[in-house]
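Here the structure is laid out as structure tokens; the discussion comes afterwards.
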Amino acid sequence: MPEIGKLLETGDPWEPYQLLDPFGRPVEPVAVYFKDLMAGGYSPLTPRSYGMDLLRWWRFLWEFGIEWDRAAREDARDFTLWMKLADKPVRVHWRHRGKDPSEIPPPRADRPAPGTPNPVTGKPTIGAKYAPSVRAHCETVLRTFYDWHLENNSGALLVNPFPLDRSRGRGQRRSNGQGERANAHHNPMDEFKKERKGRYRPTVPEQIPRRIPDDKYTEVFAGLRSHRDRALLAFWVSNGARAEELLSPNQGDAKVGQQTIGVIRKGTREYQELPANRDAFVWLRLYQEEAWKKGVPRGRAQPLWWTLRRPWRPLEYDAARMMFTRANVLLGANWTLHDLRHTATFLMLDDPCMPPVYVQHILGHKHLSTLDIYNRPTRDDVISAGLAHHARQEQRRKEPPAPVIEPSYNVDSLSVLFGRDLS
């Protein structure tokens, strides 16, 4: 698929992203849809996430000369099959952009093949194909995009090319052959069941959260290069904040006396103070003293985290992610920043004196049932329990058999029975 068109970040809070066609003109159906999203109180990152999927779909339409409001369900079917079979485009590193392909060095031979499990963490590496979660997200975005335009009578659109699959609803088919919608006869006293709705929506494997073992976390921590990185890691693994949330505080939000740090929540955009351990504030103070001596801006309203080199800029998510990636490379691991949040959650839930409702509030989850995924055994726990079982079985085979005691009569009982001494 030719990589024509692009998703442009504008910097405008009212229209943070624009989808541009190959001639650099905004795509009008997407522009009005993004305006509706921003009016609905969505995060500015929502148009970016939706825009990636819409750009992929528009490139498919441009390649085959199909108008967006003339797309049929056969086109949506072919697009879904293409995403299932095609390889993802390989991104060229910014250092090699514009160079001749022969001048770009080949990938390192010691890295595991795409999609294979990492030998240290057991997590699969990023594959060469589109993951089921990416395809499912794309199907949902495109279906809701066309539903919105159908409601607003936009263009010549007659049907949604990404329809619902009625036959997958609960219950039996109706007499007219149409399947029921999902949760058609939902009991208000019960929770809604997670049911696939889109006809072309793939089955997404359930993700199991993973924790970083204590010994591996120590090795990752030892591989960090600065007090700033050590402070960030200590905060992430102690309060369970999301990666981008921990980058939001100002210097006045880190309250050492109360041992809390204030963050802006990702979804609600609300301000919330989170507790953290003492080690995190020790590393934070060491980082601040070192940074202030170098000339980093100081003040309660100034950002808390800054780059390590001039010109001083507030630390962004991509830079923090690359910092953690460099520490992972030393171990040959592929943990992510979100695994630190999972690790913090496991540590809090393992404490019998920590009520789960408090953990829910610290993590910023809307429902307590979200913590159910942490009640399942992890891969390491299952393997350890299985190995311990085989060790016990092996120990039993090595132990000598217990002596067999043959049954015999009690002489005293026989003497009483027959009235004479039988000894």
Side-chain angles (χ1 to χ4, degrees), residues 108 110-127 205-246 274-284 317 320-354 356 358-360 362-365 370-392 394:
R108 294 170 49 181
D110 56 344
R111 292 183 178 178
T116 58
N118 184 276
V120 177
T121 65
K123 294 176 57 176
T125 56
I126 299 177
E206 188 172 1
Q207 299 292 331
I208 300 177
R210 296 177 182 268
R211 66 190 301 175
I212 303 178
D214 294 340
D215 55 338
K216 297 298 182 182
Y217 171 77
T218 303
E219 294 183 26
V220 173
F221 193 87
L224 300 177
R225 304 178 181 179
S226 66
H227 294 324
R228 182 204 65 182
D229 300 343
R230 299 183 186 100
L232 280 169
L233 210 65
F235 274 112
W236 273 320
V237 85
S238 64
N239 60 17
R242 297 178 180 88
E244 60 272 21
E245 292 176 348
L246 190 60
L274 301 179
N277 59 24
R278 296 180 180 178
D279 292 342
F281 288 96
V282 171
W283 289 113
L284 175 63
Y317 171 77
R321 177 180 57 83
M322 290 305 299
M323 170 272 295
F324 191 66
T325 301
R326 286 192 296 268
N328 269 328
V329 170
L330 299 177
L331 301 178
N334 64 341
W335 284 301
T336 63
L337 291 177
H338 204 70
D339 290 329
L340 297 173
R341 175 175 166 88
H342 292 322
T343 303
T345 306
F346 277 113
L347 293 175
M348 287 186 282
L349 292 177
D350 288 344
D351 185 358
C353 299
M354 187 70 173
Y358 293 166
V359 180
Q360 172 201 354
I362 291 174
L363 296 177
H365 289 315
T370 309
L371 298 179
D372 291 344
I373 60 175
Y374 297 98
N375 294 328
R376 302 175 184 178
T378 63
R379 181 189 70 94
D380 296 335
D381 294 338
V382 172
I383 293 178
S384 299
L387 294 177
H389 164 72
H390 293 303
R392 290 191 296 269
E394 185 69 20

Exercise. Give a yes or no on whether the backbone of A276 and the side-chain of N239 come within a donor-acceptor separation of less than 3.5 Å.
Key: no
Quiz item: Can you tell me if T343 uses its side chain to pair, donor with acceptor, with the backbone of V237 under 3.5 Å?
Solution: no
Practice problem: Carefully, step by step, assess L340 and W335 under the rule side chain to side chain contact (heavy atoms under 4.5 Å, CB included). | Solution: CA-CA 8 Å; L340 297 173; W335 284 301; over 6 Å; no
Quiz item: Yes or no on side chain to side chain contact (heavy atoms under 4.5 Å, CB included) for T345 and H365, after CA distance, side-chain angles and deciding distance?
Solution: CA-CA 12 Å; T345 306; H365 289 315; 6.0 Å; no
Exercise. Would you check, one step at a time, whether the test side chain to side chain contact (heavy atoms under 4.5 Å, CB included) holds for R211 with D350?
Key: CA-CA 12 Å; R211 66 190 301 175; D350 288 344; 3.0 Å; yes
Quiz item: Sequence neighbours excluded, which residues qualify as side-chain hydrogen bond (donor to acceptor under 3.5 Å, both in side chains) partners of D339?
Solution: K123, T336
Quiz prompt | Shortest non-hydrogen contact from F346 toward Y374 | solution = CE2-O, 3.6 Å
Quiz item: Between R326 and D229, is a salt bridge (Lys or Arg N to Asp or Glu O under 4.0 Å) present by the stated rule, with each step listed?
Solution: CA-CA 11 Å; R326 286 192 296 268; D229 300 343; 5.3 Å; no
Quiz item: Who passes ring-ring contact (aromatic ring centres under 6.0 Å, His included) against Y358, sequence neighbours left out?
Solution: none
Quiz item: Is atom CZ of R321 surrounded by more than 12 heavy atoms (other residues, nucleotides or ligands) closer than 6.0 Å?
Solution: yes
Quiz item: For the residue pair S238 and N277, what are the closest heavy atoms and their distance?
Solution: CB-ND2, 3.5 Å
Quiz item: Checking R341 side chain against A241 main chain: does a donor-acceptor pair fall under 3.5 Å?
Solution: no
Quiz item: In Å, rounded to the nearest 0.5 Å, how long is the span from CG of N328 to NZ of K216?
Solution: 11.0 Å
Quiz item: Looking at P275 and I362, what are the two nearest heavy atoms and their distance?
Solution: CG-CD1, 4.1 Å
Quiz item: Which heavy atom of L224 sits nearest a heavy atom of A327, and at what distance?
Solution: CD2-CB, 3.7 Å
Practice problem: Give the intermediate values and the outcome of side chain to side chain contact (heavy atoms under 4.5 Å, CB included) for residues L232 and W283. | Solution: CA-CA 9 Å; L232 280 169; W283 289 113; over 6 Å; no
Quiz item: Angle class for the F221/Y217 ring planes (parallel below 30°, perpendicular above 60°, tilted otherwise)?
Solution: tilted
Exercise. For N334 and T125, test the side chains for any donor-to-acceptor distance below 3.5 angstrom and give the result as yes or no.
Key: no
